[in-house]
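All remarks here apply to the structure that follows.
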Amino acid sequence: MQTIDDRRVQFGEFAGPLAHGASFFDWQLISTQEIAAAFDYSFAEILADDGIPYAPVVVSTSVDRYPRIGETISVETVPRRVGDSSVELVYEINDGNGERLATARMTHVTIGPDGAALELPEDVKAAFADASVDRDPSVGPHDGTDTGDGLASFSSSFEIHSPHIEGAELAYFEEYPRFADVALERHLETHDTPLDDLRGDKEPYRIRDWRWEFKAPVLFGTTLRVDCDVLEITDETIRIAHALSSDGRTNIEGITEYGCFDRSGAPVAFDEAMLEPYRT
C-alpha cells in the first residue's frame with residue numbers, strides 16, 4: 001500500500017542540507033496511520049477508547065541515502081506478520097526516481113487503558129493476514145564486537161512537556177531520536193568540538209542503522225534520561241547502545257549506528273576529528 005505518495009520533504013524536516021534522521025520516524029508514523037485507517041482500525045477509533053494506537057515494540061531501520069532539500073519521497077507499507085495482538089509492518093521509503101532511501105521493519109501492539117496489549121479485532125486480524133507479504137528485508141545494525149574498550153559514555157536528561165507530546169499524552173515518537181542526537185551534540189561540546197566546527201562538505205553523526213525496543217511509554221511530565229555507551233568505532237560507523245529511562249524504569253533500549261554523509265545524502269567516511277571525541 002502506498003502510504004505516502006510523492007511528498008515533498010518540507011523545511012521543518014531538515015537539519016542542514018539533508019533531512020533530519022527523526023523524519024524517518026515521522027514518515028513511519030504517518031504511514032502507520034494510513035495503513036491503520038485502510039484496515040478499519042484507525043488511530044482515531046483507538047484514541048476515542050483511551051487506547052494507545054499501534055505502539056511500537058521493536059523498530060529496525062537502515063538508511064541508504066538521506067534526501068536533500070527539494071526532493072520528494074514515497075513510502076510503501078505492507079504487513080509482514082500478524083499475531084493476536086501485534087502486526088509487523090515493512091516500510092520502503094523511495095526518492096522521486098524510485099531509488100531506495102531507507103527500509104524499516106516495525107512491530108506494533110495497541111495498548112488498552114489498563115496498560116495491557118489489546119487483541120486485534122478478528123476482522124482486522126484476518127484482513128492483515130490476507131494482505132501479508134513474504135518480505136524479509138535485512139535492516140538494522142550489524143553484529144558488532146561491542147566491547148566499548150577505550151570508548152566514551154555520556155548521558156543527558158530532558159523534561160517531557162507539551163512541545164514533545166502527541167495525542168495520547170506520551171512523548172512523541174519522532175522526539176526519541178532527537179533526544180539521542182542532542183545527547184550526542186552535548187557530548188561534543190564538552191570536548192570543545194561543537195558540531196558546526198566539524199561540518200564542512202560532510203554531515204556527520206546521522207543515524208543510519210538502528211534497532212530500538214520499546215519497553216514502556218514515556219509519560220507527559222516525566223524526566224527522560226538518555227544514556228549512551230559507545231560500543232565500536234570504525235571509519236564508517238559510530239555504534240552506540242542507547243537506554244532511555246524515566247521514573248527508574250527503562251522505556252527504550254537499543255543499538256544505534258551513526259554514519260557520515262555528503263551533501264548529496266550519500267554515505268562517506270568520517271574524518272578522524274569526528275571520531276576522536278567518542279574515544280576516552
field: Carboxylate-amine/guanidinium proximity below 4.0 Å for R225 and D227
entry: yes
query: Ion pair present between R211 and E253, side-chain N to carboxylate O less than 4.0 angstrom?
result: no
- request: Verify, without hydrogens or angle tests, whether R105 (side chain) and S138 (backbone) share a donor-acceptor contact under 3.5 angstrom.
  value: no
- prompt: Should Q28 and T61 be marked as a side-chain hydrogen bond (donor to acceptor under 3.5 Å, both in side chains) after you check the CA-CA gap, both sets of side-chain angles, and the distance that decides it?
  reply: CA-CA 10 Å; Q28 291 168 15; T61 304; 3.2 Å; yes
- prompt: Which is it for F158 and Y176 under the ring-ring contact (aromatic ring centres under 6.0 Å, His included) test, yes or no, and what are the steps along the way?
  reply: CA-CA 10 Å; F158 304 87; Y176 301 129; over 10 Å; no
State the [atom1]-[atom2] distance between [X] and [Y], to the nearest 0.5 angstrom.
X    : Y    : atom1 : atom2 : answer
T110 : I46  : OG1   : CD1   : 4.0 Å
L18  : D262 : CG    : CG    : 8.0 Å
C260 : D271 : SG    : CG    : 6.5 Å
R65  : R100 : CZ    : CZ    : 12.5 Å
E185 : S156 : CD    : OG    : 10.0 Å
E189 : R186 : CD    : CZ    : 8.5 Å

- request: Validate the cation-pi geometry between R208 and Y258: distance from NZ or CZ to the six-membered ring centre under 6.0 Å, angle to the ring axis within 45°.
  value: no
For the residue pair [X] and [Y], establish whether any side-chain heavy-atom pair is separated by less than 4.5 Å.
X    : Y    : result
I4   : I30  : yes
I233 : R239 : no
R178 : H20  : yes

query: F24 vs Y66 aromatic rings, parallel, tilted or perpendicular, using cut-offs 30° and 60°?
result: perpendicular
field: Residue pair T222, D247: steps toward the side-chain hydrogen bond (donor to acceptor under 3.5 Å, both in side chains) verdict
entry: CA-CA 7 Å; T222 58; D247 292 335; 5.4 Å; no
message: Run the ring-ring contact (aromatic ring centres under 6.0 Å, His included) test on F25 and W212 for me, step by step, so that the C-alpha distance in whole Å, both residues' side-chain angles and the decisive distance to 0.1 Å come before the verdict.
response: CA-CA 12 Å; F25 285 72; W212 287 17; 5.8 Å; yes
Same apolar cluster (I L V M F W Y, side chains within < 4.5 Å links), F128/F43: yes
- prompt: Does the ring center of Y278 lie less than 6.0 Å from the ring center of Y205?
  reply: yes
message: Between N94 and S74, does the side-chain hydrogen bond (donor to acceptor under 3.5 Å, both in side chains) criterion hold? Intermediate values first, please.
response: CA-CA 5 Å; N94 297 317; S74 296; over 6 Å; no
